[in-house]
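Not measured: the values here are computed from a predicted model.
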Amino acid sequence: MLFRPQLPTAPMPSAHIAGSSPVTHAPASACSCQHTAGPSMAPRRQLPAVSTGAVAAVLVGGVVLTALLTAVAVSAVSVAVAAVVLRSLLAHQRHR
């Protein structure tokens with residue numbers, strides 16, 4: 001029910017608008033030309049059902065991957081800071 005919402009049907013107007021005349025359509029005249037039918041609508045396919053376990057697995061996987069990405073980023077920053085500090089210390093020793 002959550003993934004397949006039921007849309008309400010629009011009610012037909014039953015009130016007559018004052019000052020308007022009813023619309024009448026003339027019947028189509030028969031002609032000798034050959035008419036072809038337009039493309040038919042393809043039947044709607046049902047969406048696959050999604051279980052709660054699949055949603056939970058996707059969420060847990062996303063959290064784990066986000067945590068791994070954060071760990072890699074923090075490690076890269078700490079290695080970069082350590083490299084800058086070591087370079088600074090080694091450069092300072094060379095100038096003595």
Show me the donor-acceptor pairs within less than 3.5 Å that the side chains of residues 46-53 make with the rest of the protein, sequence neighbours left out.
unit_1 : atom_1 : unit_2 : atom_2 : d
S51    : OG     : A54    : N      : 3.3

Side-chain donor/acceptor pairs under 3.5 Å, residues 73-86, sequence neighbours excluded:
unit_1 : atom_1 : unit_2 : atom_2 : d
S75    : OG     : A71    : O      : 2.9
S78    : OG     : V74    : O      : 3.3
S78    : OG     : S75    : O      : 2.8

What side-chain donor-acceptor pairs closer than 3.5 Å can you find for residues 55-65, not counting sequence neighbours?
none

